[in-house]
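Order of appearance sets the numbers: ligands from 1, and atoms from 1 within every ligand.
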Amino acid sequence: MCFHTNMDFHSSPRRFSAYLLLCLCLMISISRGYGSQKLYIVYLGEKKHEDPSLVTASHHDMLSAILGSKEDALASITYSYKHGFSGFAAMLTDDQAQDLAELPEVISVTPNQHHDLMTTRSWDFLGMNLDHQPPSKLLQRSKYGEDVIIGIFDTGIWPESRSFSDEGYGPVPSRWKGVCQLGQAWNSTNCNRKIIGARYYPAGLDKADQANNYMSARDINGHGTHTASTAAGAVVEGVSLHGLAAGVARGGAPRARLAVYKVAFEGPKKVQLASAALLAALDDAIHDGVDILSLSVQYNDNSFGALHAVQKGITVVYGAGNSGPRPQVISNTAPWVITVATSKIDRSFPTAITLGNNQTIVGQSLYYMLKNESKSGFQPLVQGGSCSIEALNGMEINGKVVLCIKETFGPPADIIPDAITNVKSGGAFGLIFAIYTFDKLLSTEDCVGIACVIVDIDIGFQVATYIGSQGSPIAKIEPASTITGNRVPAPRVAFFSSRGPSVKYPTVLKPDIAAPGVNILAATGDGYVFDSGASMSTPHVAGIVALLKAVHPDWSHAALKSAIVTTASTKDEHGMPMLAEALPRKVADPFDYGGGNINPNAAADPGLVYDIDPRDYSKFFACTIQKYDICNISTSPAYHLNLPSIAIPELRGPIKVQRAVTNVGEVDSVYRADIQSPPGVRIKVDPPTLVFNATKKVHAFKVSMTPLWKVQGDYTFGSLTWRNEHHSVRIPLAVRITIQDFYADVA
Ligand SMILES: *[C@@H]1O[C@H](CO)[C@@H](O)[C@H](O)[C@H]1NC(C)=O
Ligand SMILES: *[C@@H]1O[C@H](CO)[C@@H](O)[C@H](O)[C@H]1NC(C)=O
Ligand SMILES: *[C@@H]1O[C@H](CO)[C@@H](O)[C@H](O)[C@H]1NC(C)=O
Ligand SMILES: *[C@@H]1O[C@H](CO)[C@@H](O)[C@H](O)[C@H]1NC(C)=O
Ligand SMILES: *[C@@H]1O[C@H](CO)[C@@H](O)[C@H](O)[C@H]1NC(C)=O
């Protein structure tokens with residue numbers, strides 16, 4: 001953002017921030033080095049030519065003028081974005097980047113950034129209930145998503161997996177313009193009628209990284225295969241992990257087609273994902289004709305790529321992230337994308353532990369017996385403290401069950417693998433790990449061969465008391481069993497799911513929706529494994545959108561999103577308000593789950609939708625990029641954007657928020673407003689009744705909000721529901737009353 005120099009210092013609302021930016025720029029230019037080149041992304045907005053080769057030629061010309069010669073320009077340019085929008089990625093010095101930024105036709109110049117995938121690469125131990133029921137009406141009406149094309153931006157795909165068989169598929173849809181890019185261990189037979197496209201984006205990888213990866217769309221990591229099979233995997237019978245979670249593995253839209261864009265590569269420590277590559281893939285996906293994009297990546301900047309995709313009719317689905325339960329950590333919050341929080345489903349793997357005093361306690365594990373093994377009896381039980389190397393030092397644990405208690409709070413991903421390694425290397429029989437409640441039972445692949453049971457911290461203390469009261473404490477661990485259904489409280493927002501509000505766009509309520517993403521059984525390589533995270537929830541929503549798109553091909557991206565948000569469920573299976581895992585566990589609010597937990601069958605028939613003209617997104621975007629002069633926040637406060645939610649970060653006096661709904665249900669219908677006001681705010685809807693008929697399909701209305709208190713408040717939540725006999729169209733409200741300009745919620 002440092003290169004926005006053409007700023008208008010007289011347009012008062014922006015003067016302060018422009019000044020601040022300029023100061024920052026000066027500070028950075030004083031400290032920055034000259035001469036060394038970095039990868040920069042140059043964004044030019046809508047493309048000026050229809051012919052992609054002319055667009056690229058114009059990029060070469062622009063760059064030649066700055067760099068001095070055509071040869072230098074060709075050597076410097078890494079990607080030319082020419083289908084969905086105009087721009088390029090090039091190796092530039094900071095000075096060259098600044099020169100480019102000063103050109104009037106350049107909207108922004110930003111350094112390439114690296115992003116994270118949204119799951120750790122450790123495989124989980126738990127399982128997901130893959131539908132045993134007869135297919136839903138939505139699945140049948142949508143023909144299982146056949147002919148909808150889902151683009152997966154991830155680590156590639158393992159094409160031989162049974163989940164990607166194309167048996168019984170019709171020809172590739174004729175509108176498809178993508179390619180099957182050949183490469184290492186990837187020939188033309190690796191694309192079929194299921195995997196209809198494959199591309200990869202290795203620019204910027206060095207020799208060592210190239211050697212760690214297939215130079216093709218083939219997935220060495222497993223993550224991309226997992227997400228692709230979750231969105232659109234074919235139905236595969238008889239999948240389980242050693243008998244646990246046995247059932248059918250299938251994607252949300254099992255007949256949808258897959259277009260694979262490999263943008264993430266194995267790095268020395270973690271997966272590497274460059275924004276320049278991601279934008280190149282977005283540009284190609286727009287050209288190729290994908291319908292839906294599923295991106296399980298953390299990606300906060302350059303949201304113009306997704307904006308152009310949405311304006312071309314593509315639905316873009318992003319994960320909210322795995323940084324919960326802290327607030328304000330949510331990523332991917334642009335109003336034009338669907339941002340997905342993670343929920344848990346109604347399956348668990350109780351594992352009984354019997355202590356020597358015959359007390360039975362229950363934890364969770366995926367401890368299983370191989371067929372040639374018989375059940376073990378009691379083993380000696382010892383207290384291992386935190387099970388760090390120091391804590392276990394000198395302790396005899398060979399053949400014993402070790403109790404580990406982790407009293408402090410930290411990411412379980414970091415703690416549990418260490419404990420497992422330490423306990424295993426001591427030759428222990430098993431491990432009882434007591435920890436504060438959380439959802440990700442990580443890195444349990446290392447547990448193979450020993451019994452690892454996770455218990456709540458209070459149960460851990462009970463076991464410790466038992467150990468302390470005994471001369472020779474013992475314990476017996478049974479193999480895990482699988483239970484499903486309403487004995488397991490579900491759904492719930494997962495502990496790690498990133499929470500709102502959005503820091504970047506506070507008038508956009510995020511996340512939009514919650515979807516299952518804990519302990520999902522899906523393909524990797526030739527097999528099936530469990531994984532958890534926003535990465536897993538994202539393809540669930542992508543698959544569901546594919547079904548909705550097949551049933552309603554004429555619906556806009558905004559209509560699809562509205563249908564999902566307004567029909568979501570805020571109750572659990574017992575009719576109680578849905579909970580969110582946190583410290584402490586609490587009733588979920590819109591910053592946990594947006595509209596609620598996704599309800600695909602209801603989303604197919606929402607009654608009313610909040611639709612958005614894609615040009616309104618451009619206006620919103622213009623106001624987030626300083627260089628645009630078309631932003632006029634005074635005429636159109638950002639909260640008027642017709643989203644299926646209302647977020648007011650600073651309510652100081654009465655305001656009126658505009659919304660409009662479009663009838664997509666019965667032609668003649670009457671809806672009445674049902675308001676749950678956020679505490680401290682009076683809400684009125686005008687008009688309170690909407691009458692639709694053959695000529696009147698769209699109704700505008702106003703939501704007036706009046707603060708009842710003069711406080712420097714916190715967010716409070718409510719809802720507005722339009723109801724008739726068949727539908728209830730609910731949107732969440734989040735309002736914060738404030739009296740002062742700047743606000744630090746540090747009380
Ligand atoms: C493509 O690769 C497969 C193995 O993955 C091989 O069996 C097949 O012969 C190859 N086809 C061609 C045309 O090279
Ligand atoms: C535990 O139960 C078993 C069988 O039910 C019994 O034989 C044993 O005496 C009990 N032990 C204790 C400590 O209660
Ligand atoms: C059981 O089979 C596995 C491989 O399937 C083998 O590694 C293990 O040693 C066997 N255990 C016994 C007790 O035979
Ligand atoms: C924004 O719109 C208002 C009301 O239409 C107008 O008075 C104002 O001049 C506009 N500002 C800019 C910068 O165009
Ligand atoms: C539909 O309702 C509008 C009022 O909202 C009315 O003016 C119009 O005549 C009605 N059309 C039909 C076909 O009933």
Side-chain angles (χ1 to χ4, degrees), residues 152 154-169 171-172 176 178-200 202 210-226 228-229 232-234 236 257-262 265-266 523-528 554 559 562 606-611 613 642 656 658-674 684-704 720-727 729:
I152 306 281
D154 214 299
T155 59
I157 200 163
W158 194 260
E160 290 83 7
S161 166
R162 288 181 288 159
S163 289
F164 310 124
S165 154
D166 68 351
E167 211 183 304
Y169 280 65
V172 171
W176 176 244
V179 299
C180 185
Q181 190 180 357
L182 305 183
Q184 186 184 1
W186 192 286
N187 64 28
S188 58
T189 65
N190 292 124
C191 293
N192 57 19
R193 291 179 169 188
K194 179 75 182 176
I195 301 173
I196 63 172
R199 295 179 186 261
Y200 67 108
Q210 291 184 15
N212 285 331
N213 286 280
Y214 289 106
M215 285 297 105
S216 69
R218 185 173 288 276
D219 179 16
I220 198 168
N221 174 285
H223 191 275
T225 303
H226 202 276
S229 68
V236 179
R257 318 290 178 128
L258 285 166
V260 177
Y261 298 84
K262 178 169 162 181
F265 294 81
E266 281 301 298
T524 189
D526 291 327
Y528 289 81
D554 52 331
S562 173
L608 306 176
V609 292
Y610 291 74
D611 207 351
D613 180 337
N642 199 40
K656 285 195 169 141
Q658 298 166 9
R659 285 292 183 273
V661 282
T662 304
N663 185 16
V664 295
E666 304 79 27
V667 172
D668 291 297
S669 46
V670 179
Y671 283 84
R672 289 189 177 77
D674 173 2
K684 281 176 79 175
V685 175
D686 181 36
T689 303
L690 305 177
V691 182
F692 295 91
N693 62 25
T695 52
K696 191 71 184 163
K697 299 200 175 298
V698 182
H699 269 290
F701 61 91
K702 287 194 167 64
V703 182
S704 64
L720 161 62
T721 308
W722 289 107
R723 285 186 205 285
N724 71 4
E725 316 82 80
H726 307 297
H727 297 104
V729 187

inquiry  = Does the Lys NZ or Arg CZ of R672 fall within the cation-pi geometry relative to W722 - under 6.0 Å from the ring centre and within 45° of the axis?
reply    = no

query = Can you tell me if R162 uses its side chain to pair, donor with acceptor, with the backbone of V236 under 3.5 Å?
reply = no

Which residue and heavy atom of the protein sit nearest atom 13 (C) of ligand 5, plus the separation = T695 OG1, 4.0 Å

query = Identify the closest protein heavy atom to atom 2 (O) of ligand 1: which residue and atom is it, and at what distance?
reply = N187 ND2, 2.3 Å

inquiry  = If you count heavy atoms of other groups shown closer than 6.0 angstrom to NZ of K656, is the number above 12?
reply    = no

inquiry  = Once rounded to the nearest 0.5 Å, what's the spacing between atom CD of E666 and atom CG of N724?
reply    = 6.0 Å

ask   = Which of the atoms in ligand 5, numbered in the order shown and given with their element, are less than 4.0 Å from a heavy-atom of N693?
value = 1 (C), 2 (O), 3 (C), 8 (C), 10 (C), 11 (N), 12 (C), 14 (O)

request  = Run the numbers for me: atoms of ligand 1, each under 4.0 Å from some heavy atom of T189, listed by number.
outcome  = 1 (C)

task = Applying side-chain contact (heavy atoms from CB on, under 4.5 Å), run through L608 and H699 and close with a yes or a no.
result = CA-CA 10 Å; L608 306 176; H699 269 290; over 6 Å; no

ask   = At what distance is the nearest protein heavy atom to atom 5 (O) of ligand 1, and which residue and atom is it?
value = E160 OE2, 4.4 Å

task = Scan the protein's non-hydrogen atoms and note whether one is under 4.0 Å from atom 7 (O) of ligand 5.
result = no

